[in-house]
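Step one of this worksheet: look at the structure below.
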Amino acid sequence: MTKEENETRLERLKAIVRAMPDKPGSYQYYDAEGTIIYVGKAKNLKNRVSSYFHTEVDRYKTKVLVSKIWDISYTVVNTEEDALLLENALIKKYNPRYNVLLKDGKTYPSICVTKEYLPRIFPTRTINKKWGTYYGPYSHVGAMHGILDLIRQLYRPRPCKQPMTEEGVKNGKYQVCLDYHIKKCGGPCINKQSWDDYQQNIQQAREILKGNVRQVQHELKQHMLQLSEQLRFEEAEECKRRYLLLEQFVAKSEVVSHTIDNIDVLTITNDEKVAFINYLHVSNGQINQSFTFEYKKRLDEGDEELLQLAIVEMRERFKSNAKEIILPKEVDIDLEGVTITVPQRGDKKTLLDLSQMNGKQYKFDRLKQAEKLNPEQKQVRLMKELQDLLHLPKLPYQIECFDNSNISGSDAVAACVVFKKMKPSKEDYRKYNIKTVVGPDDYASMKEVVFRRYHRLLEEELPLPDLIVADGGKGQMEVIRQAVQDELGLDIPIAGLAKDDRHRTNELLYGFPPRVVGMKDTSELFKVLTHLQDEVHRFAITFHREKRSKHALQSELDNIKGIGPKTRDGLLNALKSVKRIQEANMETISKVIGPAKAKIVYEHFHPET
């Protein structure tokens with residue numbers, strides 16, 4: 001598209017906008033093929049749509065959307081709530097490319113109460129409102145089965161699938177099945193349980209499914225007292241059994257306050273591409289519904305816009321008629337007869353925190369599932385977490401850590417381990433013999449090794465690390481800084497891992513002067529950093545032990561002038577020990593190393609000859 005064509009397109013679109021009314025409604029954007037690519041809603045259509053065509057629009061994704069628009073249509077409605085509902089319906093119908101995508105990865109089960117003469121109660125994932133009334137959906141299947149088990153124990157609704165009619169029951173068409181004999185059904189099919197009694201049980205089961213458990217308890221208690229006064233003790237005992245079962249069920253439920261009734265709670269947990277919105281419904285102080293929506297962002301939508309979409313989706317999906325909605329922040333939405341509350345303390349704030357916790361847990365679970373399928377995603381997440389924690393200029397792809405090892409200054413060595421993408425890169429590990437330091441001076445040894453390491457990397461033009469980690473506190477960090485910044489002039493971030501009195505790593509230090517960086521010692525990132533520290537310690541100790549072992553195993557052959565390591569090793573491989581070499585004759589030694597060197601070795605062990 002040429003510049004002239006684009007200007008003509010924009011002018012035509014602006015003319016459509018200028019003719020739009022100052023009323024609430026929904027607007028639709030079309031591409032060149034006539035496909036709806038975006039659906040929006042507005043209190044004022046003209047003001048909202050014109051904002052897309054302002055020259056100061058700075059969001060990249062919005063500019064991309066505007067560049068694809070070829071036509072605009074709109075629908076005027078009476079209220080903002082109608083605009084929200086219309087927008088929600090159009091998004092579901094057309095699934096526009098640039099709208100937020102509500103991701104329903106699976107169909108959650110619901111509980112159905114059928115409309116039959118003798119209603120049944122069962123779980124299902126198929127919704128057909130001709131069959132009956134549906135309660136749910138239940139995101140936690142275990143909770144759904146818990147409620148079903150309670151209803152079965154309380155009211156024993158018939159479990160059979162046989163269609164039953166009033167005429168069939170009157171004419172004795174049906175026979176009881178095994179469930180009647182094992183007391184899982186009251187036998188309404190043969191009038192062992194009256195139709196009125198069965199319907200009363202089903203009605204109480206509906207109240208429990210709605211979350212009105214306290215109301216059912218109150219009715220049961222009153223009925224039990226009436227039966228006792230009438231000396232109908234067996235029936236009163238049955239009421240008491242049901243009452244106690246409900247009491248046990250309520251004790252396991254989340255109860256906030258009995259003064260809170262018919263309230264919806266929504267909170268949002270964000271990352272760059274996806275938003276997780278948790279929904280709770282509270283009735284009679286009890287949480288009877290919890291669900292987390294997942295929205296895939298398309299145009300960097302803000303929290304307010306996403307919460308508006310979620311409120312509409314929630315009210316439609318759960319048939320909510322709540323008169324109060326609790327939110328974490330103010331949202332510019334006007335719903336008739338509904339109050340928006342942003343609590344700061346009290347029971348409602350407790351509910352808000354609980355919803356936020358559920359949203360964060362859902363996000364964490366989804367992240368874990370994704371990382372199992374793509375392990376690299378976890379490594380990138382940990383690198384990003386460390387970058388944000390230390391405010392590093394770039395992702396710490398390559399991290400290096402140093403440690404020293406010596407005994408009273410003898411056999412002093414150092415080691416460097418390298419982690420790439422938060423995992424050990426063992427081919428890049430390096431060992432160092434301390435050359436310039438005499439005696440047990442850890443700081444000087446560290447400075448020597450760090451200088452040698454990065455001086456060589458500079459000479460060979462090899463990649464430098466994104467972060468250096470000292471196996472120690474402020475002192476180790478300072479000598480590394482002197483070598484890296486003062487002497488080599490490099491700008492590499494330096495951190496330190498300090499230990500407590502029990503020699504356990506408990507602090508991450510960063511900056512100059514070093515400061516403690518807050519991090520939980522149970523977090524995955526902390527475990528990776530302690531693994532880095534343990535790995536450099538292991539590598540340095542192993543190297544030190546190897547060096548001490550070689551020193552301890554130095555044989556008498558090393559003291560013979562004119563006999564080198566190759567000759568020494570040849571003799572030991574052939575004769576197995578220094579003692580056998582000492583006892584061997586000249587001829588035997590000559591066969592291994594030749595007569596000239598054999599004479600030197602033989603005369604060393606037999607000076608009297």
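None of these values were measured; they are calculated from a predicted model. Only heavy atoms go into these numbers, but all of them, side chains included; no hydrogens, no water, no symmetry mates.
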**Asked** Using a distance-only test with no angle check, is there a side-chain donor-acceptor pair under 3.5 angstrom linking T567 and K597?
**Response**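 Yes.
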**Asked** With no hydrogens and no angle check, do the side chains of S355 and N358 hold a donor and an acceptor under 3.5 Å apart?
**Response**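 Judged by distance alone, the side chains do not pair up.
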**Message:** Show me the pairs that pass ring pair (Phe, Tyr, Trp, His ring centres under 6.0 Å) and involve residues 451-470, at least two apart or across chains.
**Reply:**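 Of all non-adjacent pairs touching residues 451-470, those that pass ring pair (Phe, Tyr, Trp, His ring centres under 6.0 Å) are F402-Y454, F451-H455.
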**ring pair (Phe, Tyr, Trp, His ring centres under 6.0 Å): pairs with one or both residues in residues 511-536, sequence neighbours excluded** =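 Only F419-H531 qualify under ring pair (Phe, Tyr, Trp, His ring centres under 6.0 Å).
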Counterpart residues, side-chain contact (heavy atoms from CB on, under 4.5 Å), relative to [X] (two or more places apart):
{"X": "V342", "result": "E330, Q344"}
{"X": "N95", "result": "L101"}
{"X": "E304", "result": "Q308, V331, D332"}
{"X": "A498", "result": "E507, L509"}

**Prompt:** Can you name the ring pair (Phe, Tyr, Trp, His ring centres under 6.0 Å) partners of F539, sequence neighbours left out?
**Reply:**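 Scan of F539 (ring pair (Phe, Tyr, Trp, His ring centres under 6.0 Å), adjacent residues dropped) gives Y429.
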**Request:** Nearest 0.5 Å please: distance from the CG atom of L467 over to the CG atom of L395.
**Result:**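 Here the interatomic distance stands at 12.0 Å.
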**Atom pair SG/CG of C401 and L529 - distance to nearest 0.5 Å** =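 One gets 9.5 Å once the value is rounded to the nearest 0.5 Å.
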Taking only residues two or more places apart in sequence, or in another chain, which ones meet [X] in a salt bridge (charged side-chain N to carboxylate O under 4.0 Å, His left out)?
{"X": "D534", "result": "none"}
{"X": "K420", "result": "D428"}
{"X": "E535", "result": "R538"}

**Message:** Here's a test for you: under side-chain contact (heavy atoms from CB on, under 4.5 Å), which of L392, L389, V469 qualifies with Y510?
**Reply:**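 Option passing the side-chain contact (heavy atoms from CB on, under 4.5 Å) with Y510: L392.
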**Request:** Could you tell me whether a side-chain N or O of E294 sits under 3.5 Å from a main-chain N or O of A275, the two making a donor and an acceptor?
**Result:**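 Pair absent, no side-chain N/O of E294 close to backbone of A275.
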**Prompt:** side chain to side chain donor-acceptor pair (under 3.5 Å): which pairs involve residues 461-484, sequence neighbours left out?
**Reply:**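 Every side chain to side chain donor-acceptor pair (under 3.5 Å) pair that includes a residue of residues 461-484, provided the two are not neighbours, is K394-D466, K447-Q482, D471-K499, D471-Q533, E478-R481, E478-Q482, R481-D486.
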**Message:** Suppose the criterion is salt bridge (Lys or Arg N to Asp or Glu O under 4.0 Å): which pairs have a residue in residues 352-361, not counting sequence neighbours?
**Reply:**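 For residues 352-361, and leaving out neighbouring residues, the salt bridge (Lys or Arg N to Asp or Glu O under 4.0 Å) pairs sorted by first residue read K349-D353.
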**Asked** For R452, does the CZ atom have more than 12 heavy-atom neighbours from other residues, nucleotides or ligands under 6.0 Å away?
**Response**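 Yes, because the 6.0 Å sphere around CZ of R452 holds more than 12 heavy atoms from other groups.
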**Asked** Which heavy atom of N99 sits nearest a heavy atom of I91, and at what distance?
**Response**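 Here N99 and I91 meet closest at ND2-CD1, 3.6 Å.
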